[in-house]
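Working notes for the structure below.
Counting from 1, the numbers follow the sequence of the chain as shown. These figures come from a predicted structure and were not determined experimentally. Side chains included, hydrogens not; waters and symmetry mates left out as well; all remaining heavy atoms used.
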Amino acid sequence: QVQVVESGGGSVQAGGSLRLSCAASGALYRSSYMAWFRQGPGKERKGVATLNRHNGTTFYADSVKGRFTVSEDNAKTTVYLQMNSLKPEDTAMYYCAASDHRTVWLDSVDVRSYKYWGQGTQVTVSS
């Protein structure tokens, strides 16, 4: 079992920055991928940034490329999402997710690829 807990959300004006944290614990050896998803009101949950914990490969949605950065600490227990140049359209609930190698893998931004989810942290960007 893997547990993930997000923190760091809040309200910020357009152009500002926030850093989200995802504290992971448990059987992390099962999680090759960690990812950040977001879900706006009435919208589907979509992948924002993903991280391959074995080789460090990252992926970003086009909407955040160049503005967001996903990283992991040296202890490999916390994953961060640095968000710069925030826009009102970035407003959403942000979720951290961890994969499980025993679960069918589709692709890094498919919600079905991830077994473990946090409760989410709200990010609100005002214009």
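Going from atom CZ of R30 over to atom NE2 of H101 covers 6.0 Å, rounded to the nearest 0.5 Å. To the nearest 0.5 Å, atoms OG (S31) and CG (N52) are separated by 11.5 Å. For the atom pair CD of E6 and SG of C22, the computed distance is 6.0 Å after rounding to the nearest 0.5 Å. In this structure, the separation between CZ on R112 and OG on S99 is 15.5 Å, given to the nearest 0.5 Å. The CZ atom of R38 lies 8.0 Å from the NZ atom of K43; values are rounded to the nearest 0.5 Å. The OG1 atom of T91 sits 8.5 Å away from atom CG of L86, with the distance rounded to the nearest 0.5 Å.
Using a 4.5 Å cut-off on side-chain heavy atoms (C-beta onward), M34 and V70 make no contact. Residues R102 and K115 are in side-chain contact: their nearest non-hydrogen atoms beyond the backbone lie under 4.5 Å apart. Residues C96 and Q119 have side chains not in contact (no heavy-atom distance under 4.5 Å, counting atoms from C-beta outward). Proximity of V109 to T50: side-chain heavy atoms (C-beta onward) are separated by under 4.5 Å at one or more points. You'll find the side chain of F68 stays beyond 4.5 Å of the side chain of N84, heavy atoms only. Side-chain contact between R67 and D90: present, with at least one pair of heavy atoms (C-beta onward) separated by less than 4.5 Å. Looking at T121 and L20, their side chains come closer than 4.5 Å, going by heavy atoms from C-beta outward. No side-chain heavy atom of V4 sits less than 4.5 Å from a side-chain heavy atom of Y95.
For the 3.5 Å distance criterion, the side chains of Q13 and S126 fail to qualify, holding no donor opposite an acceptor. For the residue pair D73/Y80, the side-chain donor-acceptor check at 3.5 Å is not satisfied.
Nearest heavy atoms, S127 versus A14: CA-CB, 4.3 Å. Residue H54 comes nearest to S32 through the heavy atom pair NE2-OG, 3.1 Å, listed as atom of the first residue, atom of the second, then distance. Scanning all heavy atoms of the two residues, the minimum distance from T78 to S21 falls at CG2-CB, 4.3 Å. L81 and A49 get closest at one heavy-atom pair: CD1-CB, 3.9 Å. Between S17 and Q82, the shortest heavy-atom contact is CB-NE2, 4.0 Å. Heavy-atom minimum distance, A61 versus G47: CB-O, 3.6 Å.
Counted within 6.0 Å of NZ on K76, heavy atoms from surrounding residues, nucleotides or ligands total more than 12; the atom is thus considered enclosed.
A ring pair (Phe, Tyr, Trp, His ring centres under 6.0 Å) with Y33 is found for one member of Y114, F59, Y116, W105 and no other, namely W105.
Taking the charged nitrogens against the carboxylate oxygens, D62 and K65 do have a contact shorter than 4.0 Å, which makes a salt bridge.
Linking ILVMFWY side-chain heavy atoms closer than 4.5 Å, directly or via other members, places M93 and V123 in two distinct hydrophobic clusters.
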- request: Determine, step by step, whether Y94 and Q39 satisfy the side chain to side chain contact (heavy atoms under 4.5 Å, CB included) criterion, reporting the C-alpha distance in whole Å, the side-chain angles of both residues, the deciding distance to 0.1 Å, and the verdict.
  value: CA-CA 7 Å; Y94 283 72; Q39 186 171 19; over 6 Å; no
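Partners of V111 according to the side-chain contact (heavy atoms from CB on, under 4.5 Å) rule, which considers only residues two or more places apart in sequence or in another chain, are F37, R45, W117.
Under a 3.5 Å cut-off, the side chain of R53 and the backbone N or O of L28 do form a donor-acceptor pair.
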